[in-house]
Amino acid sequence: MTDPLFRMLEKLPSAEYDRARADRVRARCRAVLERSRRPPRRSRVQRVAETALAGLGAIYLVEGIRLALLMFGIA
């Protein structure tokens, strides 16, 4: 850096801390973080579909076990 550049930089006013602005930014950041922590809401259709899929999976598993037991002559 050259000497004239340092002189220009010295003429710049120093930054002042604006407490109110900092509080507003902090509040906005906290609000965004709070929203991102909440799990997304699922619709009723999604909940019913998930339940139905879990039920079908359970039926498939039970039928697979039943067939395996029949193959081995246990049931």
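Because only heavy atoms are used, hydrogens play no part in the values below, and waters and symmetry mates are left out as well, while side chains stay in.
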If you look only at distance, which donor and acceptor atoms sit under 3.5 Å apart when one is on a side chain in residues 53-72 and the other is two or more places apart or in another chain?
residue : atom : partner : partner atom : Å
Glu63   : OE1  : Arg66   : NE           : 3.1
Glu63   : OE2  : Arg66   : NE           : 3.4
Glu63   : OE2  : Arg66   : NH2          : 2.7

Show the atom names and distances, to 0.1 Å, of all donor-acceptor pairs under 3.5 Å that link a side chain in residues 33-47 to residues at least two apart or in another chain.
residue : atom : partner : partner atom : Å
Ser36   : OG   : Leu33   : O            : 2.8
Arg42   : NH1  : Glu50   : OE1          : 2.7
Ser43   : OG   : Gln46   : N            : 3.3
Gln46   : OE1  : Ser43   : N            : 3.0
Arg47   : NH1  : Arg42   : O            : 3.1

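Residues meeting the side chain to side chain donor-acceptor pair (under 3.5 Å) test with Arg28, sequence neighbours left out: none. Under the side-chain contact (heavy atoms from CB on, under 4.5 Å) criterion, Ala20 pairs with Asp18, Arg24, sequence neighbours left out. For Arg7, the salt bridge (Lys or Arg N to Asp or Glu O under 4.0 Å) test picks out Asp3, with sequence neighbours left out.
Taking CE from Met8 and CZ from Phe6, the interatomic distance works out to 11.5 Å, rounded to the nearest 0.5 Å.
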